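These notes concern the structure reproduced below.
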Amino acid sequence: MKNDRYSIFSLLRETLRGQTGWKPAWRDATPQPSYDVVIVGGGGHGLATAYYLARRYGVRRVAVVEKGWIGNGNIGRNTTIIRSNYLLPGNVPFYECSMKLWEGLEQDINYNAMVSQRGVLNLFHNDAQRNAYIRRGNAMRLHGVDAQLLDVDAVRRRLPFLNYDAARFPIRGGLLQKRGGTVRHDAVAWGYARAADRLGVDIIQNCEATGLRMREGRVVGVETTRGFIGAGRVGLSCAGNSSRVAAMAGLRLPIESHVLQAFVSEGLKPFIDCVVTFGAGHFYISQSDKGGLVFGGDIDGYNSYAQRGNMPVIEDVCEGGMALMPRIGRVRLLRHWAGLMDMTMDGSPIIDRTPVGNLYLNAGWCYGGFKATPASGLCFAHLIARDEPHPVAAAYRLDRFGRGAVIDEKGMGAQPNLH
Amino acid sequence: MRLNCPCCGPRGVEEFTYRGDATLRRPAPDAAAPDWVDYVYLRDNPAGWHRELWYHGAGCHAWLVVTRDTRTHEIADVARAVDIARHGRENTGS
Ligand SMILES: Cc1cc2nc3c(=O)[nH]c(=O)nc-3n(C[C@H](O)[C@H](O)[C@H](O)COP(=O)(O)OP(=O)(O)OC[C@H]3O[C@@H](n4cnc5c(N)ncnc54)[C@H](O)[C@@H]3O)c2cc1C
Ligand SMILES: [Zn+2]
């Protein structure tokens, strides 16, 4: 296994051999009778959890069971944005921990994930929004996170083609996080899968968890479409389907599943060099290294497990795009898709034990869980291995709703489709 | 997606506002805290038939109870919430 490390030498070797010597990046494992830990859900978070369990916490008998194939869930459907520009104390240290892990990820897992810190710029259009962004920027800097307020001239120098003087939504400036940016999402799934596999983790695809076997209030294994798999501990990491898997243990969650759409255009010459968000409507955009414009907007807003959205949101996103960047009006759309998200009652995630013994829950990432992938994996691994929360994720408790300790960045209340 | 409003006929979903699970029942004012936590925060969130509240803000202003399959967006029934409240919770569809 040792010598299939990726490096300049392996690239050269394969160039000379006509690319015939590459091996599969991970084994297609068959289930063993039992493991120390079974993770249900092979998305970014599940794979990262398995990797950190093996790498940092020395748990070696780990399996990830995935009902489809690696990369078919939200990890392969998101718009690839990473940032740590949060406001509330429960969130900022967690997302900053994630940002630091992104910064060292490729060396750590020996995989090119195309981490690109090209900057995330949130535009504002009036005084109230400017004040809110000043407050957010200050909160970030107090936590040691980079944040920079740009006036309209600075924004104009960077993105001269925006619609600055629109009568309704003139652009007044923006809050820039330079360390934010994009990461190639599939490569994150593949890279963690390969790195976990090299540490002996079994990645079992086409294996759906259909039930949890209990004994005396504790979970002792997972019923799957490929038979029963015994487990010392079970971690649920099923973004979008968390309510369904938790129901197997008789739990009801503070979550609704909603659908979010995303879009990519035909390839164009590079002209957008950062991530830009519109402050007067729901629209955000970046340009991929292949040249496609990657953009999105709001969730559709009603409970859905359909993995496809409806026209009104497509129209709304396009209107937002035209209001901000009229020059994209004649660009052709290449693809459009949707993914399912756990929308929680306060818009923040859950990484916690459950009332069932040996059963742990990682859920509720709303539309922002991609950037969280490394820290979520690390904190969930910590929780499962040590049976206590990681310090930076200590606020993400399942009982916070009953304690009145919600983490509601937008101040929307218990209305999942507004977060 | 279109909703067939009993007052206005079939209308695009953009005319409506969504308010979630229609089967929740508000606890008595003096109910225990856990009952309130359940009501405010916990949801069944089914994959399948879901009875849910929609408000026809760009139409007749009625609150509607829609029975919809969350896996396919198929709609089995749309009724006025006020009728359901008056005539009890008859099962309209699923
Ligand atoms: C269109 C879109 C755009 C987004 N953009 C961004 C963004 O720009 N930045 C950002 O930070 N976040 C973004 N997100 C959110 C982010 O993608 C998710 O929060 C995150 O990927 C969820 O974690 P995951 O990778 O583990 O999920 P997933 O990849 O969905 O993993 C969950 C896995 O669980 C599996 N599963 C479910 N049930 C079972 C079962 N019973 N048995 C076995 N396996 C099961 C699923 O098949 C799936 O593979 C976006 C999401 C969408 C849909
Ligand atoms: Zn109507």
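The model shown is predicted, which means the values in this text are computed figures rather than measured ones.
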Relative to chain A, which segment of [X] carries a heavy atom at a distance below 4.5 Å: side chain, backbone, both, or neither?
X	result
Ala33(B)	neither
Trp36(B)	neither
Pro46(B)	backbone

When heavy-atom pairs shorter than 4.5 Å are enumerated against chain B, which of [options] gives the highest number?
options	result
Ala306(A), Ala246(A), Ala414(A)	Ala306(A)
Ser304(A), Pro416(A), Gly413(A)	Ser304(A)
Ser257(A), Gly402(A), Ser242(A)	Ser257(A)
Glu315(A), Met311(A), Arg244(A), Gln307(A)	Arg244(A)

Worksheet item: Under 3.5 Å, side chain of Asn45(B) to main-chain N/O of Ser243(A), donor-acceptor pair present?
Response: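 Flag not set: sc Asn45(B) to bb Ser243(A) has no pair under 3.5 Å.
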Worksheet entry | Flag, side chain of Arg68(B) to backbone of Asn303(A), donor-acceptor distance under 3.5 Å |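 Present.
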Just verifying a value: how many Å separate [X] [atom1] and [Y] [atom2], rounded to the nearest 0.5 Å?
X	Y	atom1	atom2	value
Arg43(B)	Met345(A)	CZ	CE	3.5 Å
Ile255(A)	Asp44(B)	CD1	CG	13.0 Å
Glu256(A)	Glu52(B)	CD	CD	9.5 Å

Item to complete: Might you confirm whether atom CH2 of Trp337(A) has over 12 heavy atoms from other residues, nucleotides or ligands at distances under 6.0 Å?
Response: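 Yes, the 6.0 Å shell around CH2 holds more than 12 heavy atoms from other groups.
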Discussion item. With a 6.0 Å cut-off (strictly less than), is the heavy-atom count around CZ of Arg168(A), excluding the residue itself, greater than 12?
Written reply: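 Incorrect, the count does not exceed 12.
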Fill in: Within residues 10-21 of chain B, residues adjacent to chain A where the heavy-atom gap is under 4.5 Å
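Contacts with chain A: Val13(B), Glu14(B), Tyr18(B), Arg19(B), Gly20(B).
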Practice prompt. Measure Val406(A) against the heavy atoms of chain B and call it side chain, backbone, both or neither at under 4.5 Å.
Written response: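 Interface part for Val406(A): side chain.
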Item to complete: List the steps and the verdict of side-chain contact (heavy atoms from CB on, under 4.5 Å) for Met1(B) and Asp300(A).
Response: CA-CA 11 Å; Met1(B) 192 158 93; Asp300(A) 272 44; over 6 Å; no
